[in-house]
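Note that ligands are numbered from 1 as they come in the structure, with each ligand's atoms numbered from 1 the same way. Here the structure is a predicted model, which means the values were calculated and not measured.
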Amino acid sequence: MRDFKRLCSIALLIVFSFSYAQKNAIVAHRGAWKKNNLPENSIAALRHAIDLKLPGSEFDVWRTADDSLVINHDAHYNKLLIEETKYADLIRFKLSNGEKLPTLCEYISEGKKNNKKTLLVCEIKPSEISKERGQKTALMAVEVVKKLKADKNTCYISFDYEILKAIRKVDPKTSLQYLEGNKSPKEVKADKINGVDYHYSVFQKHPEWIKEAEDNKIILNAWTVNEATDMDWLIAHKFNYITTNEPELLSERLKFKK
Ligand code: MG
């Protein structure tokens, strides 16, 4: 039994080292939607990111008034505040490609199909009703991901630090990246958060955080990087992930640098 446990911890270490060791891995921001004019956060945009074999695809999670977890960027969907609207009332409106507003369950299920490369980067939106509601949404999302056995292929990001801490309490292993840009890599490490995913300008203001993150094995990710010059700066600084609306352009820049 002890040997088995030791083997498991070695395997976990390898998984973590592998995910940490990625350099300049492309994350499609709200899926790969732009080039093909797909709706952001649609199943089609996720599918395209997976078909492009991108290392990551990001999406945003809200909870409806009647506790459905749905994928949308804004707090509103067709002028309805998602947190105050029932799921059945939201899905009366289709996305621009005819898709139904996806649930987290549908989104993750699609994310598991024919997918060997693409990490599902799950952003939990802070609640506009209360901090507690946001944390409950996060824990419900973790449950869905675990139930679908997608936890090894999913990481969580949030602007709300308490949401990430709430996830860490129930899941000691999952990868967590903080978005707000107001904490140093050492500070997040102290709270067992293993990544910083900040606007790229934050790292230009705090270049010392890049080395601090590397020294502390904190994942470096930057958003939302759409210009070639900014991409080149992050590539040169060997960020683990780069989140972009322009995965095709970033892919070109990466080829150019080789
Ligand atoms: Mg997002």
Taking the side chain as every heavy atom from C-beta outward, state whether Leu69 and Tyr107 have any atom pair closer than 4.5 Å.
no
Here the Mg ion (ligand 1) sees protein N, O or S atoms within less than 2.8 Å, and their number is 3
Checklist entry - Is there a donor in the side chain of Asp60 and an acceptor in the side chain of Asn41, or the other way round, less than 3.5 Å apart? => result yes
Is the distance from the ring center of Trp209 to that of Phe239 below 6.0 Å?
no
Contacts of Tyr161 meeting ring pair (Phe, Tyr, Trp, His ring centres under 6.0 Å) (sequence neighbours excluded), chain-then-number -> Tyr178
His76 meets the ring pair (Phe, Tyr, Trp, His ring centres under 6.0 Å) criterion, sequence neighbours left out, with none
Apart from Leu38 itself, its cluster of hydrophobic side chains linked below 4.5 Å comprises Trp33
